[in-house]
Number of protein chains: 2
Amino acid sequence: MSAAREVTETETLSGPAEDYLKAIYAIGKGTGPAATNEIAQRLAIAPASVSGMVRRLADQGLLAYERYHGVKLTESGRRAALRTLRRHRVIEAYLSQALGYPWDRVHVEAERLEHAASDELVDRMAATIGEPEVDPHGAPIPTREGSVDETEYTSLAQLDVGASGVVVRVSDEDPEMLRYLAELSILPGKKVTVKSRAPYDGPITLSVGRQELSIGPALAANVLIAPLADRGGRRG
Amino acid sequence: MSAAREVTETETLSGPAEDYLKAIYAIGKGTGPAATNEIAQRLAIAPASVSGMVRRLADQGLLAYERYHGVKLTESGRRAALRTLRRHRVIEAYLSQALGYPWDRVHVEAERLEHAASDELVDRMAATIGEPEVDPHGAPIPTREGSVDETEYTSLAQLDVGASGVVVRVSDEDPEMLRYLAELSILPGKKVTVKSRAPYDGPITLSVGRQELSIGPALAANVLIAPLADRGGRRG
DNA sequence: AAAATAAGTTAGTCTGGCCTAACTTTTTGC
DNA sequence: GCAAAAAGTTAGGCCAGACTAACTTATTTT
């Protein structure tokens, strides 16, 4: 797997520019298109501001942009996004494992550090904690070479009654939700089984370890599961 | 020594603003005045740019500014400068001790991280490596409460022939110089003795451990010494 | 004390990145 | 297929922080 080392290329992106690329990557899952409005919403800025930045990024060859029709990452843009994503997730993992940072706050701190940390620092962090493959919320860490595990998982909200699975990942941005999930012990690696599901998008009852508990579908949608093959699986 | 915890106050300074305060602190040794030109030179920007920023910082109560007559830090400005200095030096110490960062590169990395790292992160770093009192170059680390050791040391260039001292600190900004000093094993904690000094600002011969070597006065000026009382001491 | 030099400031410009308001294009719903 | 709604863009501002060029104030030299 020793791929050729990627050339460092541009390397001089502003913090905001990196945030745009990350957002576009997240929206399009790496390769898909991203709408102006959605970028604006993710970054909490006005749509008009997005148009301007998007043009600049397109000029730098990072985006494919067609007026009135959203944007896509170019190959070079995708690589830049993955570099930032790697930084973010390595930093999260490092803060958590090496400094005992609480998992509901690593995201915010990493958001700020990811634009300042050098690749060397990030690589040293990764090496120090044993080249982690996922961040504390279960998100896969892109490699130095720019590849990333793109497996799509089922959300807990979609798991059939009776089905079991292992929690692989939870959404990382909402500290309060993270604290709540930790309280319920819904954490990456835990096995969960769906016991029942109330109609009309009602609460979902599930068991985690020896506990039985009930959560709403909105929360369940933020918990990604690797289904176990003991009974059932997905549900359309 | 458990002083009352400082109030966090403003907390929202830009990166450049923090750099200005650090520079002004360095020039005035904390309390003295700083000249516009010298600030400009340290930050590698035009003097005209300094006038503008200095006005903004004065408006925020961080500087005492009198047109055409340089600036001084206010108490609040001094505290802000020391917060940044603490961040910088804790980060340097952490990079060096926890991540094996080479000492000639910690400065550059810390310059970028010091504006992004939260106080919580810096405090965790400090705690993890045992609350260090100096950074890898021997510079004292300000406390959380904003006090700092202001002892002034003699430079190696000023040490009398025959006098000995312990290296306490070396200048941290020039990586090449740091590599050279390390090569000569002129490092914080090492004992040195001046053997001879050539006239007209000529080379200084000294012994470090069992080695004997010769350095120029420009380099010697960047090495601060705590004199030992075995023979001689300073020289005017 | 006047002239020369150095230091510092203002004026005006630029870029990045954001904003609101007004306009245009695309999509949607009937 | 056309009108309303949604999405996206341009125009025009603003702020921070840098720049150069031109000017003012301080300091030094003679």
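Letters A, B, ... mirror the listed sequences (proteins, then strands); counts begin at 1.
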Trainee: Tell me whether the OP1 or OP2 atom of C/dA6 has a side-chain N or O from B/Asn37 closer than 4.0 Å.
Mentor: no
Trainee: Taking the side chain of B/Pro16 as heavy atoms from C-beta outward, which of C/dA7, D/dG17, C/dT27 is closest to it?
Mentor: D/dG17
Trainee: How about A/Glu114 and A/Asp19: do any of their side-chain heavy atoms sit closer than 4.5 Å?
Mentor: yes
Trainee: Once you round it to whole Å, what is the distance between C1' of C/dA7 and CD1 of B/Ile27?
Mentor: 14 Å
Trainee: Distance check: side-chain N/O of A/His69 vs OP1/OP2 of C/dT26, anything under 4.0 Å?
Mentor: yes
Trainee: Check this for me, if you would: do B/Glu120 and B/Arg124 make a salt bridge, where the nitrogen-to-carboxylate-oxygen distance has to be below 4.0 angstrom?
Mentor: yes
Trainee: With the side chain of A/Ser14 defined as its heavy atoms from C-beta on, choose the nearest nucleotide among C/dC18, C/dG17, C/dT9.
Mentor: C/dG17
Trainee: Once you round it to whole Å, what is the distance between P of C/dG17 and CD1 of A/Ile45?
Mentor: 10 Å
Trainee: Looking across every strand, which nucleic acid part, if any, lies under 4.0 Å from A/Ala48 by heavy atom: base, sugar-phosphate, or nothing?
Mentor: base
Trainee: Grab the OH-C1' distance between A/Tyr65 and D/dT9 for me, whole Å please.
Mentor: 7 Å
Trainee: Contact class for B/Thr36 (heavy atom, under 4.0 Å): base, sugar-phosphate, or nothing?
Mentor: sugar-phosphate
Trainee: Could you tell me whether B/Arg78 and B/Glu150 have a side-chain N and a carboxylate O separated by less than 4.0 Å?
Mentor: yes
Trainee: Just to confirm, is there a sub-4.0 Å distance from OP1 or OP2 of D/dA18 to any side-chain nitrogen or oxygen of B/Ser49?
Mentor: no
Trainee: Could you state the OH-P distance from A/Tyr68 to C/dT24, rounded to the nearest angstrom?
Mentor: 8 Å
Trainee: Is the phosphate of C/dG16 approached by A/Tyr20 (side-chain N or O, under 4.0 Å from OP1 or OP2)?
Mentor: no
Trainee: Write down the distance between CG (A/Asp59) and P (C/dG17), rounded to a whole number of angstrom.
Mentor: 12 Å
Trainee: Any side-chain heavy atom of A/Arg83 sitting closer than 4.5 Å to one from A/Asp119?
Mentor: yes
Trainee: How many Å lie between CD on A/Glu38 and C1' on D/dA7, as a whole number?
Mentor: 12 Å
Trainee: For the pair made of CE in A/Met53 and P in D/dG8, what is the distance, rounded to whole Å?
Mentor: 18 Å
Trainee: For A/Arg56 and B/Arg67, find the nucleotide of DNA chain C closest to each by heavy atoms; which residue's nucleotide sits nearer the 5' end?
Mentor: B/Arg67
Trainee: Quickly work out the B/Arg55 CZ to C/dG8 P distance and round it to whole Å.
Mentor: 16 Å
Trainee: Could you check which of C/dT26, C/dG8, D/dC19 has an atom nearest any side-chain atom of B/Ala46?
Mentor: D/dC19
Trainee: Side chains of A/Asp135 and A/His107: is there a donor and an acceptor less than 3.5 Å apart?
Mentor: no
